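Quick caveat: nothing in here was measured; it's all calculated off a predicted structure.
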Amino acid sequence: MENSAFRIYHSPNVVNLCIDAYDGEKQCGRLWNQYTGEPLCFSTLFEALEGMEALYDGLEYPFASTRPRSFLEDGGSRAEYERDIQDGKRSELRVVEPFQSVVSHRGRNATFIIRVQYRQHSSWQGEIVWVDGSLRKCFGSVLDLLRLIDSAMERCTAENRAAPDCNRW
């Protein structure tokens with residue numbers, strides 16, 4: 001086991017993905033960050049990814065190297081987001097929960113700490129810590145991230161939680 005597996009680097013864009021249910025296809029749970037105070041509840045992993053993307057867009061960190069294109073006259077979602085901030089419909093993101101509190105939450109089935117370091121080539125690059133398996137892996141795309149999460153969840157379903165390979169990615 002790697003000694004630095006539990007070392008979680010403090011970063012404004014770290015999220016804690018707590019998976020409470022897994023039926024072999026979809027994961028349900030909560031996504032914690034420092035800025036909302038309450039978790040984003042999701043019923044599919046894609047909802048969690050959309051919440052993460054919205055967080056990163058709001059933080060503008062990590063900065064996206066590409067922006068979604070739009071044929072709308074108003075300039076699309078970014079212009080709408082900036083207008084909402086000016087009109088008071090949205091507020092700037094502020095830390096409302098300490099970092100250590102965010103990473104301390106645990107899912108019933110699995111817990112992953114995710115740090116997206118870059119948003120390049122219309123995807124994400126970063127690292128994921130599987131807290132229950134005491135492992136850390138780097139990912140080069142959102143697809144890699146999904147595969148790592150799915151692989152960990154398959155190894156630790158309720159039927160084989162006691163199996164010796166549960167803690168291996």
Side-chain angles (χ1 to χ4, degrees), residues 1-36 38-68 93 97 99-169:
M1 179 170 67
E2 186 179 331
N3 289 339
S4 65
F6 281 117
R7 184 179 303 145
I8 299 167
Y9 299 100
H10 188 287
S11 181
N13 61 325
V14 168
V15 297
N16 185 352
L17 183 73
C18 298
I19 298 182
D20 296 325
Y22 175 68
D23 67 0
E25 283 187 28
K26 64 181 190 176
Q27 299 86 357
C28 303
R30 299 158 289 134
L31 182 69
W32 293 88
N33 64 64
Q34 291 183 269
Y35 305 96
T36 56
E38 294 293 322
L40 167 70
C41 296
F42 59 90
S43 58
T44 67
L45 205 48
F46 294 109
E47 288 178 12
L49 295 175
E50 286 176 350
M52 291 170 65
E53 184 74 16
L55 172 68
Y56 302 146
D57 285 343
L59 288 172
E60 293 186 352
Y61 181 79
F63 190 77
S65 64
T66 57
R67 290 199 175 178
L93 294 174
E97 187 169 1
F99 179 79
Q100 290 303 326
S101 177
V102 169
V103 297
S104 68
H105 297 286
R106 297 291 176 259
R108 285 192 293 272
N109 287 17
T111 304
F112 301 95
I113 308 296
I114 302 169
R115 181 171 65 125
V116 175
Q117 295 171 286
Y118 308 103
R119 293 194 297 166
Q120 297 175 343
H121 312 292
S122 298
S123 195
W124 300 346
Q125 299 80 37
E127 65 182 351
I128 180 171
V129 175
W130 179 18
V131 176
D132 310 310
S134 302
L135 294 169
R136 175 188 308 270
K137 292 281 186 175
C138 292
F139 57 90
S141 68
V142 175
L143 183 58
D144 287 345
L145 175 63
L146 290 171
R147 286 180 178 157
L148 288 169
I149 293 170
D150 193 52
S151 171
M153 294 306 300
E154 284 179 5
R155 294 180 196 277
C156 287
T157 57
E159 297 82 37
N160 68 1
R161 184 166 288 281
D165 69 339
C166 182
N167 290 332
R168 282 189 241 130
W169 219 320

Expected output: side-chain N109 to main-chain I19 donor-acceptor under 3.5 Å: no
Partner residues of N13 under the side chain to side chain donor-acceptor pair (under 3.5 Å) criterion, sequence neighbours left out: S11
Salt bridge (Lys or Arg N to Asp or Glu O under 4.0 Å) assessment of D57 paired with R119: CA-CA 10 Å; D57 285 343; R119 293 194 297 166; 2.9 Å; yes
For L143, all residues meeting side-chain contact (heavy atoms from CB on, under 4.5 Å), sequence neighbours excluded: S141, R147
Residues that E97 engages under salt bridge (Lys or Arg N to Asp or Glu O under 4.0 Å), provided they are two or more places apart: none
Partner set under side-chain contact (heavy atoms from CB on, under 4.5 Å) for E50, not counting sequence neighbours: none
With sequence neighbours excluded, residues passing side-chain contact (heavy atoms from CB on, under 4.5 Å) with L55: V15, N33, Y35, L59, L93
Summary of salt bridge (charged side-chain N to carboxylate O under 4.0 Å, His left out) pairs that have at least one residue in residues 109-118, sequence neighbours excluded: R115-E127
Between S43 and E47, a side-chain donor and acceptor under 3.5 Å: yes
With Q117 via side chain to side chain donor-acceptor pair (under 3.5 Å) - residues at least two apart: none
With sequence neighbours excluded, residues passing side chain to side chain donor-acceptor pair (under 3.5 Å) with S122: T66
Side-chain donor/acceptor of S104 to backbone N/O of S101, under 3.5 Å: yes
Donor-acceptor under 3.5 Å (Q125 side chain, Q120 main chain): yes
Partners passing ring-ring contact (aromatic ring centres under 6.0 Å, His included) against F139 (at least two apart in sequence or in another chain): none
Partner set under side chain to side chain donor-acceptor pair (under 3.5 Å) for T44, not counting sequence neighbours: none
Salt bridge (charged side-chain N to carboxylate O under 4.0 Å, His left out) partners of residues 19-31, not counting sequence neighbours, each pair once: D20-R30
